[in-house]
Participant: 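Have a look at the structure that comes next, please.
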Amino acid sequence: MPELPEVEAVCRRIRRGAEGQLIASARILRPGITLPQSSAETEETLAGRRIGKVWRRGKNILIGTSGAGEDRVLRIHLRMTGNLVLFKDARLVPPAARMVLEFPDRSGLVFTDSRALGRVHLHSLAELESILAELGPEPLSRQFTVQWLAAAASACGQPAKLFLMDQSRIAGLGNIYAAEALFQAGIHPGKRMKTLRMPKIGALHAAIVDILRRAVKVTAAEYRRPGYWGGEEWDFPLRVYGRKGEPCLVCGSKIRSMRQGGRSTYYCPRCQR
DNA sequence: CACAATACCTGCTAGC
DNA sequence: TGCTAGCAGGTATTGT
């Protein structure tokens, strides 16, 4: 489910309560989530370590830890339904809890994930660096410029929607925000990247940055509520995603949907060419 | 190589 | 009411 703004919101929500905490015990309640790493080994390594910095890269949540031996980083990917929540009592945890990091006072950080597609991995700093090197630039960083996007686009024959969702090109966009960015820029999702010219490239860059900034702002506020997510509410106002058959908010044409890369894409046939 | 299909999972909903 | 097909905000792997 979560894309960059939701992952950012989760980081901000847990940061205050998690940073600096001692992990008294770690329990992996669903062994598959650590594959190909061993869940028993993950539990053993984490126990007795202290949580350092919590940060994010693309859709990866990164939790630094220190203790016996070298520093390790816990990398959590929420995939479709994952979430991280701080619990007052880590023994009273919901059925979808997949990992529990319990602190000395019995409170804890809990990874919930109904579909169990999310992943938890423990890395050395060197290992983490090489994994993150596979990701494209952060769209809200200085790295992500119009010039960079123009250069990346000119070398790419992919349809625009697939380009935006490819984490090795830009890190953090997913199905919803990619669709929304293309709508805002007036670009058809099937448009080949290398056929885009300058005013459109600029519009796409501006749309990505604008939408993600606004979504982070709105979503981060909502995610302070610990139970948030589970509900169907989507706080960022969506203009095309999920609106098949409804009128375009700009021109009134019926929003259409198509399949791309096995996923549903929504677009306005008149505004997006 | 690029691209498409499928596997991974559970839960919800629309339609019968 | 109860069943089922289809679909879900993601990504790694397999197949063409």
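Just so it is clear: chains get the letters A, B, ... in the order the sequence lines come, proteins before strands, and each one is counted from 1.
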Participant: Measuring only the P atom in each nucleotide, how far is B/dG11 from C/dA12? A whole number of Å is fine.
Facilitator: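 These two P atoms come out 24 Å apart once rounded.
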Participant: Could you pick out which residue, A/Leu162 or A/Leu117, lies toward the 5' side of DNA chain B when each is mapped onto its nearest nucleotide?
Facilitator: A/Leu162
Participant: Quick check: A/Tyr266 with A/Phe183 (ring centres under 6.0 Å apart)?
Facilitator: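 A/Phe183 vs A/Tyr266: aromatic centres not under 6.0 Å.
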Participant: What does the list of N/O pairs under 3.5 Å between the protein and nucleotides 11-15 of chain C look like, with a distance for each?
Facilitator:
{"residue": "C/dT11", "atom": "OP1", "partner": "A/His77", "partner atom": "NE2", "Å": "2.7"}
{"residue": "C/dT11", "atom": "OP2", "partner": "A/Lys59", "partner atom": "NZ", "Å": "3.0"}

Participant: Which residue, A/Gly157 or A/Arg115, contacts DNA chain B at a nucleotide closer to its 5' end, judged by nearest heavy atom?
Facilitator: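 Result: A/Gly157.
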Participant: Is any NZ, NE, NH1 or NH2 atom of the basic residue among A/Glu102 and A/Arg27 found under 4.0 Å from an Asp or Glu carboxylate oxygen of the other?
Facilitator: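 Counted as a salt bridge, because a side-chain N and a carboxylate O are separated by less than 4.0 Å.
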Participant: Using a 4.5 Å cut-off on heavy atoms from C-beta on, say whether the side chain of A/Ile33 contacts that of A/Asp113.
Facilitator: no
Participant: Kindly check if the number of other-residue, nucleotide or ligand heavy atoms within 6.0 Å of CZ (A/Arg270) is above 12?
Facilitator: no
Participant: How many whole angstroms separate atom CZ of A/Phe111 from atom P of B/dT10?
Facilitator: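 Going from A/Phe111 (CZ) to B/dT10 (P), I get 14 Å.
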Participant: Can you tell me if the side-chain N/O atoms of A/Arg192 get under 4.0 Å from OP1 or OP2 in B/dC3?
Facilitator: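 True: A/Arg192 side-chain N/O within range (under 4.0 Å) of B/dC3 OP1/OP2.
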Participant: Please give, in whole Å, the distance from B/dA7 P to A/Met80 CE?
Facilitator: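 After rounding, the gap between these two atoms is 16 Å.
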Participant: Determine whether a donor-acceptor pair (N or O, by modelled atom type, separation under 3.5 Å) exists between the side chain of A/Gln272 and the backbone of A/Cys268.
Facilitator: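 Judged by distance alone, yes, a pair lies under 3.5 Å.
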Participant: Separation of A/Asn83 atom CG from B/dT10 atom C1', in whole Å?
Facilitator: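 After rounding, the reported distance stands at 16 Å.
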Participant: Compare the minimum distances between each of B/dG11, B/dC8, B/dC3 and the side chain of A/Gln158, then state the nucleotide with the smallest one.
Facilitator: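 Nearest to the side-chain atoms of A/Gln158, counting from C-beta on, is B/dC3.
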Participant: CZ of A/Arg259 versus C1' of C/dG10: gap in Å, rounded?
Facilitator: 13 Å
Participant: Are any of A/Arg30's side-chain N or O atoms less than 4.0 Å away from OP1 or OP2 of B/dT10?
Facilitator: yes
Participant: Does a donor on one side chain sit under 3.5 Å from an acceptor on the other, for A/Asn60 and A/Arg119?
Facilitator: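 On atom types as modelled, these side chains do not qualify, holding no pair under 3.5 Å.
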Participant: Does A/His205 have any ring-ring contact (aromatic ring centres under 6.0 Å, His included) partners at least two apart in sequence or in another chain, and if so, which?
Facilitator: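 With neighbours one apart ignored, the set is A/Phe144.
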Participant: Check the distance between C/dG10's P and A/Tyr177's OH and give it to me in whole angstrom.
Facilitator: 10 Å
Participant: Looking only at side-chain N and O atoms, does A/Ser264 come under 4.0 Å of OP1 or OP2 in C/dA8?
Facilitator: yes
Participant: Please give, in whole Å, the distance from B/dC3 C1' to A/Lys161 NZ?
Facilitator: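 So the two atoms are 16 Å apart, to the nearest Å.
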Participant: What's the CD-C1' distance between A/Glu3 and C/dG10, to the nearest Å?
Facilitator: 9 Å
Participant: Please round to the nearest 0.5 Å and tell me the distance separating atom OG of A/Ser107 and atom CG of A/Leu86.
Facilitator: 7.5 Å
Participant: Choosing from C/dA8, B/dG11, B/dA4, which nucleotide comes nearest the side chain of A/Ser114?
Facilitator: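 The answer is B/dG11, which lies nearest to the side chain.
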Participant: When you compare C/dC7 with B/dA5, how far apart are their P atoms, in angstrom units rounded to a whole number?
Facilitator: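 These two P atoms come out 14 Å apart once rounded.
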Participant: Could you tell me whether A/Arg57 and A/Glu138 have a side-chain N and a carboxylate O separated by less than 4.0 Å?
Facilitator: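 Yes, this pair counts.
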Participant: Using the C1' atom as the point on both nucleotides, what is the distance between B/dC12 and C/dT11, in whole Å?
Facilitator: 22 Å
Participant: Both atom distances under 3.5 Å, Watson-Crick or G-U wobble: I'd like the secondary structure of DNA chain B as a dot-bracket string, with | for pairs made across strands.
Facilitator: .|||||||.|||||||
Participant: Roughly how many Å is it from CG in A/Asp166 to P in C/dG10, rounded to a whole number?
Facilitator: 13 Å
Participant: Taking CD in A/Glu19 as the centre, count heavy atoms belonging to other residues, nucleotides or ligands within less than 6.0 Å. Is the count above 12?
Facilitator: yes
